[in-house]
Trainee: 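The structure follows.
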Amino acid sequence: MGRLKAWGAVAVCVVLLTSFSTSSRAVVTNLTSGCSISFSSQVGTNAISVQVGDKLFSDFSFGYTQIPISTGPALTPASVVLSPLINGDGFGFSLQLPLIATDNEIKDVTIDFSVTVLDPNQSISDVHLAFNSSVSGHGIASISEGVFTNGFGAGQIADLNVQNPGNPNPITEDTAFLSVPQQKIWIEKDIIVDANGTCNNSWSMVSIIDQTFSQIPEPSTIALSLIGFVACFFAKRRK
């Protein structure tokens with residue numbers, strides 16, 4: 001009976017989260033706490049999109065390189081877990097990944113995706129990036145990120161960088177404020193853990209990456225609000 005209840009709960013979660021577009025591409029909707037999913041479902045032939053709040057995350061891709069290639073197991077999308085993230089900065093997601101480089105290893109992970117505001121009256125105003133990392137010896141962990149307006153690699157408008165070089169002052173958070181808010185943006189993320197071959201006791205690790213997006217009303221919405229305010233002001237004066 002206990003197993004039946006557990007499978008029933010999983011089935012309910014899947015039914016609540018998954019819908020299908022007219023193109024038969026699955027879209028995960030209303031991803032909330034307790035419904036984390038494997039990143040492997042975001043890439044590949046049957047890749048799905050993820051909605052958190054009013055943000056739709058799509059067009060995911062995953063790349064991985066390791067030097068030397070003969071050391072340690074490779075990181076795969078199935079090893080990465082995606083969870084919804086909602087905080088004071090806005091809506092986004094968190095990635096949990098066991099990315100560890102030891103001794104002479106260097107591991108490089110690239111993750112790309114697009115972000116769309118589903119509310120046509122809102123635009124993305126700023127991008128927030130944060131990560132949890134640990135290093136030892138000469139190890140280095142870093143994430144660099146580009147923000148684009150016309151597809152991946154086209155029309156760059158911002159970049160973000162966080163890093164842990166092993167000194168007392170790692171940079172664990174960064175924010176990019178967009179000079180022109182956007183309805184949709186594309187993100188290219190490059191994650192590197194370097195154990196640095198000059199010291200065989202060195203290692204570096206990235207365990208969590210948090211990404212959120214803030215928004216503001218479209219200029220037309222602001223203008224309409226101002227017009228309404230002015231109209232109410234003069235209406236009161238006439239009375």
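For reference, positions follow the sequence shown, starting with 1.
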Trainee: Can you sort out the partners of V135 under side-chain contact (heavy atoms from CB on, under 4.5 Å), two or more places apart, ordered by chain and number?
Mentor: A141, N164, S204

Trainee: Sort and list the pairs that fulfil salt bridge (charged side-chain N to carboxylate O under 4.0 Å, His left out) and have at least one residue in residues 73-101, not counting sequence neighbours.
Mentor: none

Trainee: What pairs with T175 under side-chain contact (heavy atoms from CB on, under 4.5 Å), at least two apart in sequence or on another chain?
Mentor: D126, H128, F177

Trainee: Mark yes or no for whether Q182, through its side chain, and V180, through its backbone, hold a donor-acceptor pair below 3.5 Å.
Mentor: yes

Trainee: Salt bridge (charged side-chain N to carboxylate O under 4.0 Å, His left out): which pairs involve residues 32-54, sequence neighbours left out?
Mentor: none

Trainee: Check side chain to side chain donor-acceptor pair (under 3.5 Å) between S142 and all other residues, then give those that pass, not counting sequence neighbours.
Mentor: none

Trainee: side-chain contact (heavy atoms from CB on, under 4.5 Å) with E145: which residues, sequence neighbours excluded?
Mentor: V127, L129, L160, I187, K189, Q211

Trainee: What residues, two or more places apart in sequence or in another chain, satisfy side-chain contact (heavy atoms from CB on, under 4.5 Å) together with L85?
Mentor: N87, D210, T212

Trainee: I'd like to check the side chain to side chain donor-acceptor pair (under 3.5 Å) partners of T76; sequence neighbours left out, ordered by chain and number.
Mentor: S79

Trainee: Of all residues at least two apart in sequence or in a different chain, which pass the ring pair (Phe, Tyr, Trp, His ring centres under 6.0 Å) check with F57?
Mentor: F93, F213

Trainee: So which pairs with a foot in residues 151-168 pass salt bridge (charged side-chain N to carboxylate O under 4.0 Å, His left out), sequence neighbours left out?
Mentor: none

Trainee: Taking D194 for its side chain and I140 for its backbone only, find out whether a donor-acceptor pair lies under 3.5 Å.
Mentor: no

Trainee: Going by the rule ring pair (Phe, Tyr, Trp, His ring centres under 6.0 Å), which residues pair with F39 if we only count those two or more places apart in sequence or in a different chain?
Mentor: F60

Trainee: Please list, one pair per line, the donor and acceptor atoms closer than 3.5 Å that link side chains of residues 147-156 to other protein atoms, with sequence neighbours excluded.
Mentor:
unit_1: T149; atom_1: OG1; unit_2: G155; atom_2: O; d: 3.2
unit_1: Q156; atom_1: NE2; unit_2: A158; atom_2: O; d: 3.2

